[in-house]
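All remarks here apply to the structure that follows.
No experiment lies behind these values; they were computed from the predicted model shown. Reminder, nothing fancy here: chain letters follow the sequence lines and each chain counts from 1.
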2 protein chains.
Amino acid sequence: MPVMTSESNKRVTIKSIAKEVGVSFSTVSKALNNDPAIKKSTRLLILNKANEMGYTPNSLAKGLRSHSTKTVAIIFSDIENPVLTYIFCKILTKMAEHGYTTMIFDSQFNENTERANILTVLSRQADFIILEPTSMNPDNLRLLSKTPNRLTLQGIRYETMNCHHVHVDYAHGGYLAACEMLSNGHKNCLVITEALSFPTSREFVFGIERAYNEYGVPFNRDMVKTTHSSITNGFQVIQQLWDHDKNAFSVPITGVLTFDDILAYGVYKAALQYNFKIPDDISVIGFDDNPISAFSMPPLTTIHLPKDKMAENHINILQSTLLSGRTETCFFSADPTLVVRGSVRNLLEKKRN
Amino acid sequence: MPVMTSESNKRVTIKSIAKEVGVSFSTVSKALNNDPAIKKSTRLLILNKANEMGYTPNSLAKGLRSHSTKTVAIIFSDIENPVLTYIFCKILTKMAEHGYTTMIFDSQFNENTERANILTVLSRQADFIILEPTSMNPDNLRLLSKTPNRLTLQGIRYETMNCHHVHVDYAHGGYLAACEMLSNGHKNCLVITEALSFPTSREFVFGIERAYNEYGVPFNRDMVKTTHSSITNGFQVIQQLWDHDKNAFSVPITGVLTFDDILAYGVYKAALQYNFKIPDDISVIGFDDNPISAFSMPPLTTIHLPKDKMAENHINILQSTLLSGRTETCFFSADPTLVVRGSVRNLLEKKRN
DNA sequence: TTGTAGGCGTTATCAG
DNA sequence: CTGATAACGCCTACAA
């Protein structure tokens, strides 16, 4: 238990310890690092004094000397997204066990914010960077091209970057969701997604379009509404349609495909407010498979994202390059799957009635 | 756009820039910091060269010199808790606008992990620390006693620490939840909560006990089950009861009070699995008011936590001490409120039938 | 076994 | 206006 000496204001460093013990500061340094060259008795003397004075090593100085900060930086497009939150929590916890601290950054789907984040990460000398790019524009990525095996890209595939990847096939997810709608007879679906400048959002819509093509159903791009993920925003998209745009579409909408479960809850909220029933009046399919979606009213049909697997892949990459010194870069891809629950109505069966 | 010079491996520092431009490195430093003492023409020369070489200032060196790292550290008991996640996301985003980086740490309700976290935060020279203590044991807190106005305690009230507080009255929340149960005729409730060593968990139970006392209903401490917050764990508590302990209680359980909404979903999961109905067979009250709880089946009656207000208070404290240099410490307290939805059945009305 | 010197990349204080 | 120098706290050859 550190008892403060009289003038506790002064910073306690190896120098001040050295002065107290009456040795040189390099002896203190060695003792603190368990250098066997130091006599046991003096080491003990030093260790005790350091403890008593409440010494904490200065990582800045250490990092400056050693060119290693034991730091990994994570830059995500939107850290409030539950899947991303889950992933960085897992990474953070695991890396803490190895003595690494994790810095989290939020780009908010904004290239400039992303660039600022990359620059501060570089400036802070992070040992490893995990980035979920906000766009396919390579300008920001170029800042990171020096150390390809100290970088993993999350979410998208970037062919020209020879770095680690933890990819998610959003196109396939969108495809699966749209197929589920189409095979249940929903030909006129609304799509609520993130800004299309965001690569995964665009992939998502591509996948949907592909399904429409396969089913021979024309895909109306006006049906794609973009907004930032939140219950309120999802709600507002429906609200807008309800209040104003209702007549903008010749065919009534029977289904909604959303970029994530959160937006789907926005539709749920609208159902409560405007008194329509899911799935009787409108069908909904989400994306992510939030654990809570199994208990929603009705249980949400959604696209399951293997977030455990994704987190695991990130951790494997980190461990093998930071701890085991591997130099090859690896590419992981996560396949989304459809989880059928109760938010999609079968329109075809109805017709038979 | 930084074009790499031939040997791009070498670190680019103010020294290397100085060599390229043909000035002294202190001139470069001044130019980079917009010191008016530097001639415009040479400043421009230097700025261009720096840009061309892809210079990034080294924050470690900066911090070492200036004794300021533009860093705030957040140490929470469980960063996956949605309320805490929400709060640190808000703080992180706002502080990023001011050029501050936020480091997140997870103590996992463990005093030793908490201590390790505090030590690394100290070692990393964070400018400000936000801590949600895992226990009332002051040993770890003592490590932070040197700079009381650079510390805010989240969640609990620590009378003897003269630092900032953002407190939550969990006792009152527990009281409200229990009152709702009791006033609907539920005298035999299960409580599922975090380990009682965790201060807020203990407060929660205190509050429940107080309600029982006011209603003149004996409170059975055996009804308090502790586990870590997760849907699975909440489920398992019910499972255990169902499979093994069913006969351990003389009176059948009619209600469940949980420490957070996540645990409540565990009960929902059990309802699905064991085919009992909420609230017909068992009533449930959560805690936190997860935004999604409004759409659960049935909508979850819960205790609302003003997380916006809490985040705002944290941000205010940070801004006023870090940016405006205020030195007084402030104390904020958040009051939880009851949100009645559909997961509690009125047992008394039933009797009248 | 311990002490000395130099340097990691910056900034600040002086001289020139 | 620009340059040399010291210092921030630590580590590591090398010397004693």
Taking atom [atom2] of [N] as reference, at what distance in whole Å does atom [atom1] of [X] sit?
X	N	atom1	atom2	value
Asn34(A)	dC11(D)	CG	C1'	15 Å
Asn58(A)	dA7(D)	CG	P	18 Å
Asp35(A)	dT12(D)	CG	P	9 Å
Asn33(B)	dA12(C)	CG	P	7 Å
Arg124(A)	dT10(C)	CZ	C1'	15 Å
Tyr55(A)	dG9(D)	OH	C1'	8 Å
Ile17(B)	dT11(C)	CD1	C1'	15 Å
His67(A)	dT12(D)	NE2	P	12 Å

May I ask you to verify if any side-chain N or O of Thr27(B) is less than 4.0 angstrom from the OP1 or OP2 atom of dG3(D)?
yes
If you take atom types as modelled and just measure distance, does the side chain of Lys30(A) reach the base of dG3(C) with a donor-acceptor pair under 3.5 Å?
yes
Would you say the side chain of Ser24(A) and the base of dT2(C) hold a donor-acceptor pair, judged only by whether the two atoms sit under 3.5 Å apart?
no
More 5' along DNA chain C: Phe25(A) or Thr42(A), using each one's nearest nucleotide?
Thr42(A)
Of Ser26(B) and Leu32(A), the one whose closest DNA chain D nucleotide lies more 5'
Ser26(B)
Toward the 5' end of DNA chain D, which comes first, Ala61(A) or Val23(B), by nearest nucleotide?
Val23(B)
Geometric cation-pi criterion Arg157(B) and Phe331(B), 6.0 Å radius, 45° cone:
yes
Give a yes or no answer on whether the side chain of Tyr86(B) reaches the backbone of Asp308(B) with a donor-acceptor pair at less than 3.5 Å.
no
Main-chain N/O of Tyr158(A) paired with His165(A) side-chain donor or acceptor, under 3.5 Å
yes
Just compare [options] and give me whichever is closest to any side-chain atom of [X].
X	options	answer
Arg65(B)	dC10(D), dG3(C), dA6(D)	dA6(D)
Lys39(B)	dT2(D), dG9(C), dG9(D)	dT2(D)
Leu64(B)	dT2(D), dG9(D), dT10(C)	dG9(D)
Lys15(B)	dT10(C), dT2(D), dC8(D)	dT10(C)
Lys62(B)	dC10(D), dC1(D), dT11(C)	dT11(C)

Does Thr56(B) reach a base, just sugar-phosphate, or nothing at all? Heavy atoms under 4.0 Å.
sugar-phosphate
Name the nucleic acid region contacted by Ser29(A), choosing base, sugar-phosphate or nothing; use a 4.0 angstrom heavy-atom cut-off, strictly under.
base
What is the distance from atom CG of Leu151(A) to atom CG of Leu144(A), rounded to the nearest 0.5 Å?
5.5 Å
Is the shortest distance from a Lys or Arg side-chain nitrogen in Glu312(B) or Lys90(B) to a carboxylate oxygen in the other one below 4.0 Å?
no
What class does the angle between the rings of Phe109(B) and Phe198(B) fall in, given that below 30° is parallel, 30 to 60° is tilted and above 60° is perpendicular?
perpendicular
